[in-house]
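Contents: one structure, followed by commentary.
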Amino acid sequence: MSQTVDRALSILPLLAEGPADLGQVAERLGVHKSTALRLLRTLHEHGLVYRQSDQRYRLGARLFALAQEAVENLDVREIAHPHLVRLNELCGHTVHLAVHEEGEVLYIDKVESRYPVRMYSRIGKPVAITVAAVAKLLLADLPEPERRAFADKLDYPMYTARSTPNPSAFLRELEKVRDQGWATDLGGHEESINCVAAPVRGADGRVVAAMSVSAPNVVVTADELLTLLPLVRRTADAISGEYSGKTPAKDNGS
């Protein structure tokens with residue numbers, strides 16, 4: 001049974017390359033045509049492959065529907081949370097997860113710092129979009145025309161002397177973030193708070209969320225916080241791998 005399932009599943013990546021006839025499928029699997037036909041008929045009955053009028057087979061619409069449904073039901077917060085907790089345990093600072101929804105960047109998870117000085121961010125609250133490190137990562141991933149249009153319609157409040165002053169400066173920052181693959185907010189929203197962030201990517205490589213570590217400079221300097229960047233990026237990569245299905249979930253106790 002396991003060999004039959006293995007052979008049937010091996011047909012799908014073959015057809016992802018383009019339509020193939022019975023002979024091509026049998027040759028790729030290394031089986032007789034009758035065996036390949038039986039497998040193809042089973043996949044066809046389930047809507048996973050479709051037989052064209054030229055007798056070649058291609059991937060079926062049901063497969064795309066299942067993939068879309070799976071993506072829509074993925075909960076990046078649920079997947080990320082154990083990783084955020086682990087990162088917090090390692091560094092002790094506030095850890096956030098944020099997403100871009102309907103023109104805003106929102107915090108969807110937070111693990112509090114173990115230090116007495118706390119941040120007043122809240123889950124569900126929009127971030128300061130022109131300065132927040134998580135916002136820079138999410139917006140930097142937009143196609144350039146969308147980035148420009150988005151930047152042009154924003155207001156640019158000067159929270160501190162380090163805040164982003166205008167659309168052109170914001171676009172330059174987004175380009176830098178896009179190239180380097182990480183972002184910072186070093187006193188751009190509050191002079192006393194620094195933040196370093198990394199992207200969470202889906203199976204297609206697009207940024208689906210961003211996670212960050214933030215700390216007040218009375219606890220750790222900006223330079224000291226930046227030394228956590230490799231750890232933050234490894235955590236984001238681990239979340240990305242699990243979210244995209246490229247790496248299996250690990251036991252939280254391991």
Side-chain angles (χ1 to χ4, degrees), residues 13 16 67-68 70-101 105-114 119 121 123 127 129 131-144 146-147 173-186 188 193-215 220-254:
Q68 183 61 35
V71 169
E72 290 174 354
N73 289 329
L74 279 176
D75 185 345
V76 69
R77 181 184 180 275
E78 181 179 349
I79 291 170
H81 186 74
H83 297 275
L84 305 183
V85 170
R86 177 61 176 158
L87 177 61
N88 170 265
E89 290 172 349
L90 291 172
C91 71
H93 305 306
T94 303
V95 181
H96 287 111
L97 183 71
V99 295
H100 181 205
E101 288 185 358
V105 173
L106 308 169
Y107 290 126
I108 61 170
D109 203 0
K110 177 183 180 180
V111 184
E112 290 280 7
S113 167
R114 65 168 172 249
M119 292 184 61
S121 55
I123 294 174
V127 309
I129 202 164
V131 292
V134 288
K136 294 173 187 177
L137 283 164
L138 289 158
L139 299 179
D141 193 59
L142 295 174
E144 185 177 4
E146 290 184 40
R147 263 182 283 156
E173 179 69 8
L174 294 186
E175 189 65 35
K176 174 185 173 184
V177 166
R178 188 180 178 93
D179 289 342
Q180 68 189 16
W182 51 275
T184 61
D185 169 16
L186 304 179
I193 302 291
N194 299 305
C195 174
V196 60
V200 175
R201 300 183 185 274
D204 59 358
R206 296 296 304 275
V207 176
V208 297
M211 54 150 299
S212 65
V213 170
S214 304
V220 62
T221 67
D223 287 341
E224 289 169 335
L225 187 68
L226 285 169
T227 65
L228 295 175
L229 179 60
L231 179 60
V232 174
R233 298 185 76 178
R234 284 197 300 273
T235 302
D237 288 345
I239 298 169
S240 300
E242 192 173 329
Y243 180 81
S244 65
K246 294 179 180 178
T247 57
K250 293 184 178 180
D251 187 335
N252 201 29
S254 62

Hey, what do you get for [atom1] ([X]) to [atom2] ([Y]), rounding to the nearest 0.5 Å?
X      : Y      : atom1 : atom2 : result
Leu87  : Leu228 : CG    : CG    : 7.5 Å
Asp237 : Glu242 : CG    : CD    : 13.0 Å
Tyr243 : Arg77  : OH    : CZ    : 14.5 Å
Arg114 : Asn88  : CZ    : CG    : 7.5 Å

Closest approach of [X] and [Y], non-hydrogen atoms and distance?
X      : Y      : value
Arg233 : Gly181 : NH2-O, 4.1 Å
Leu226 : Pro230 : O-CD, 4.3 Å
Leu137 : Pro199 : CD1-N, 3.8 Å
Gly202 : Ser244 : C-CB, 3.8 Å

Ala209: side chain to side chain contact (heavy atoms under 4.5 Å, CB included) partners, not counting sequence neighbours = Val76, Leu97, Val99, Val200
Residues, nucleotides or ligands: over 12 heavy atoms within 6.0 Å of Gln180 CD =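 Buried by this count: over 12 neighbours within 6.0 Å.
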Counting distance only, does the side-chain N/O of [X] pair as donor-acceptor with the main-chain N or O of [Y] below 3.5 Å?
X      : Y      : result
Lys110 : Thr94  : no
Glu146 : Pro143 : no
Ser212 : Ala197 : no

Considering residues at least two apart in sequence or located in another chain, which fulfil the side chain to side chain donor-acceptor pair (under 3.5 Å) criterion with Asp141?
->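 Arg206.
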With a 4.5 Å cut-off on side-chain heavy atoms, are [Y] and [X] touching?
X      : Y      : result
Arg178 : Leu174 : no
Thr184 : Asn194 : no
Leu84  : Ile239 : yes
His93  : Leu225 : yes
Thr235 : Arg86  : no

Chi angles and distances behind the side-chain contact (heavy atoms from CB on, under 4.5 Å) call for Met211, His83 = CA-CA 10 Å; Met211 54 150 299; His83 297 275; over 6 Å; no
State which residue, out of Val105, Val208, Val207, Leu106, fulfils the side-chain contact (heavy atoms from CB on, under 4.5 Å) condition with His100.
-> Val105
Salt-bridge criterion met for Glu144 and Arg147 (N-O under 4.0 Å) |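 Not counted as a salt bridge, because no side-chain N and carboxylate O are separated by less than 4.0 Å.
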